[in-house]
Enquirer: 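The following block contains the structure, expressed as structure tokens.
Here is the naming used below: chain letters follow the sequence lines, and residue numbers restart at 1 for every chain.
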Amino acid sequence: MLDIRLLRTDLDAVKASLSRRRIDTSELDRVATLDVRHRRELSEVERLRAEIKRLSAGVGQARREGNGDEADRLAGESRALDVERAAREVAADELAAEIREVMLGIPNLPSDDAPDGGQDEHVLLRTVGAERVWADHQRVPHWDIGAERGWLDPERASRISGAMFALYRGAGARLLRALTQLALDRHADAWEEIRPPTLVRSETMLATGALPKFADDAYHVERDDLWAIPTAEVPLTSMHRDEVLDEAELPKRYTAYTPCYRREAGSAGRDTRGTLRTHEFDKVELMAWCTPDQAGEIHAEILRRAESLIVDLGLVYRVIDLCTGDLSFSSRRTFDIEVYAPGTDQWLEVSSVSWFGDFQARRGNARYKPAGGKGTEFLHTLNGSALAWSRIWPAIVETHRQPDGTVLVPEVLRPYLGGADVLK
RNA sequence: GGAGCGGUGGCAGAGCGGACGAAUGCGCCGGUCUUGAAAACCGGAGACCCGCAAGGGUCCGGGGGUUCGAAUCCCCCCCGCUCCGCCA
């Protein structure tokens, strides 16, 4: 959520910034108007309440002095004022609720550094491995490899759960487990491993920015009013909700391995083959809490870590600086890592490394106490995927497919596959 | 699912109709002492909102109610804990 004070002092700047996202900014004018009215009602309510408090103190005093008539007179006066107070308060509360509702639907301000551009534009920062030459045996899509080797079983997956679910088997399944373990181990040096709940409350979804706008994209367990997380970012971003941390304990770095659930509403019929787009996939995520000063370095660190794993897996990839029109709702700046899958001849998004500023912390009321200073400040949050099953798996089997149809195991993965250098 | 107990400041924990934004302890900040630190002692400090400021207001899980006045009484809800039952 944006700081509403920004709308009071700098409405034009906020509008200019949000229009870089290529969205309609008329809601901002509406909030600004409502805000003025809200504050007017609020100060009137407060004036009345102060008066009532004064009168009430008088009642108590008059009573103690045995002056019953005076006490009754003051009580009556107070009662009359309270009628007006109640009416004004209802009006103020309604305005506050309306303001909140609109504010929750307004996306974050893009960073000044984020490149301008629409949804289909992006700034390519670098491509690693572009010079690589692909042989015919690497031009086989992973769904064919999966069928050929018995690693993927789409018929049974849909028998069990329907379209857009994956069922991996044998060495294919084992490869996933190895990848997960590898990713988790790589960050154990500085990132605390978390295994959070994956069914969460509405407030938890709201703090991240997954609600209220994107309710249709998530699975909702109605009977218990719980949501299946679309990413570990959701529970991790509520780890310190309603807390006040000491600056000395920052930054806090977490890594979590969880399943992720997405309804993919509106994507039916797209990417129907293979594992690229599924309702459920597992992912290892990196997520950090820090001060504004630390955010830049952490952002770089997450990107560095995500890239280095991909390098070690022997994959070709590129890094993209997302344009303002393509930035996700809560993000101020995002770098996407896309891995090249030679069999499907596609660049697959495997990680979005994002800086959210204090946007999520504000929604979740997560603050810190600056060392030596007084008061509290909102934390900054950042995150990025370290490894997403549904995209890394195809890239690996396609990239490392050998002429005989087997798949060469990247060096770093071998210890996790009992030393095997080839998957047959 | 049944029974009981509880939710108060950064944390722990008193208070149970008016003088309570709230004792006390821990933690935190400043000072005295010390070569320095620790200890001890003295002092300070809650969060949030409105306001240029002076100042005002809100906040004792959330929401209603009673009352001139609610942390305190009543109702509903949420969350947590304990015991029993069920269960991977």
Enquirer: Calculate the interatomic distance between A/Asp224 atom CG and B/C79 atom P; express it in whole Å.
Expert: 10 Å
Enquirer: Do A/Trp227 and A/His220 have their ring centres less than 6.0 Å from each other?
Expert: yes
Enquirer: Separation of A/Lys53 atom NZ from B/C20 atom C1', in whole Å?
Expert: 11 Å
Enquirer: In terms of side-chain heavy atoms, does A/Ser352 have a donor or acceptor partner in A/Glu349 at a distance below 3.5 Å?
Expert: yes
Enquirer: Please determine, for B/U72, whether a Watson-Crick or G-U wobble partner exists with both distances under 3.5 Å, and give it or none.
Expert: none
Enquirer: Using purine N1 to pyrimidine N3 plus N6-O4 or O6-N4 for Watson-Crick, or N1-O2 and O6-N3 for G-U wobble, each under 3.5 Å, what pairs with B/G25?
Expert: B/C11
Enquirer: State which of B/A47, B/G10, B/G69 makes the closest approach to the side chain of A/Asp82.
Expert: B/G69
Enquirer: Let me know the distance between NE2 of A/His38 and P of B/U58, rounded to the nearest Å.
Expert: 14 Å
Enquirer: Closest approach to the side chain of A/Arg79, judged atom by atom: which nucleotide of B/C68, B/C50, B/G57 is it?
Expert: B/C68
Enquirer: Side chains of A/Asp185 and A/Tyr416: is there a donor and an acceptor less than 3.5 Å apart?
Expert: yes
Enquirer: Under a 3.5 Å limit for both distances, which nucleotide forms a Watson-Crick or G-U wobble pair with B/C83, could you say?
Expert: B/G2
Enquirer: Which one is paired to B/A45, where only Watson-Crick or G-U wobble pairs with both distances under 3.5 angstrom count?
Expert: none
Enquirer: What is the distance, to the nearest angstrom, from the CZ atom on A/Arg88 to the P atom on B/G56?
Expert: 21 Å
Enquirer: Send over the distance from A/Arg49 CZ to B/C49 P, rounded to a whole Å.
Expert: 17 Å
Enquirer: Tell me whether the OP1 or OP2 atom of B/C48 has a side-chain N or O from A/Thr376 closer than 4.0 Å.
Expert: yes
Enquirer: What does B/G17 pair with, Watson-Crick or G-U, if both distances are under 3.5 Å?
Expert: none
Enquirer: In whole angstrom, give the distance that lies between atom CG of A/Leu226 and atom P of B/C78.
Expert: 13 Å
Enquirer: Is the centre of the A/Phe359 ring less than 6.0 Å from the centre of the A/His380 ring?
Expert: no
Enquirer: Looking only at side chains, do A/Tyr257 and A/Asp282 share a donor and an acceptor under 3.5 Å apart?
Expert: yes
Enquirer: With a 3.5 angstrom cut-off on both distances, give the Watson-Crick or G-U wobble partner of B/U35, or none if there isn't one.
Expert: none
Enquirer: Side chain of A/Arg39 only, please: which of B/G18, B/C50, B/G56 is the nearest?
Expert: B/C50
Enquirer: Side chain of A/Arg5 only, heavy atoms from C-beta on: which candidate in B/C50, B/G18, B/G56 is closest?
Expert: B/C50
Enquirer: Which comes earlier along RNA chain B counting from the 5' end, the contact point of A/Leu74 or that of A/Glu203, where each point is its nearest nucleotide?
Expert: A/Leu74
Enquirer: Of the nucleotides B/C68, B/G10, B/G56, which one has an atom closest to the side chain of A/Val244?
Expert: B/G10
Enquirer: What is the separation between atom CG on A/Asp93 and atom C1' on B/U58, rounded to the nearest whole Å?
Expert: 12 Å
Enquirer: Using whole Å, report how far CZ of A/Arg201 lies from P of B/C79.
Expert: 6 Å
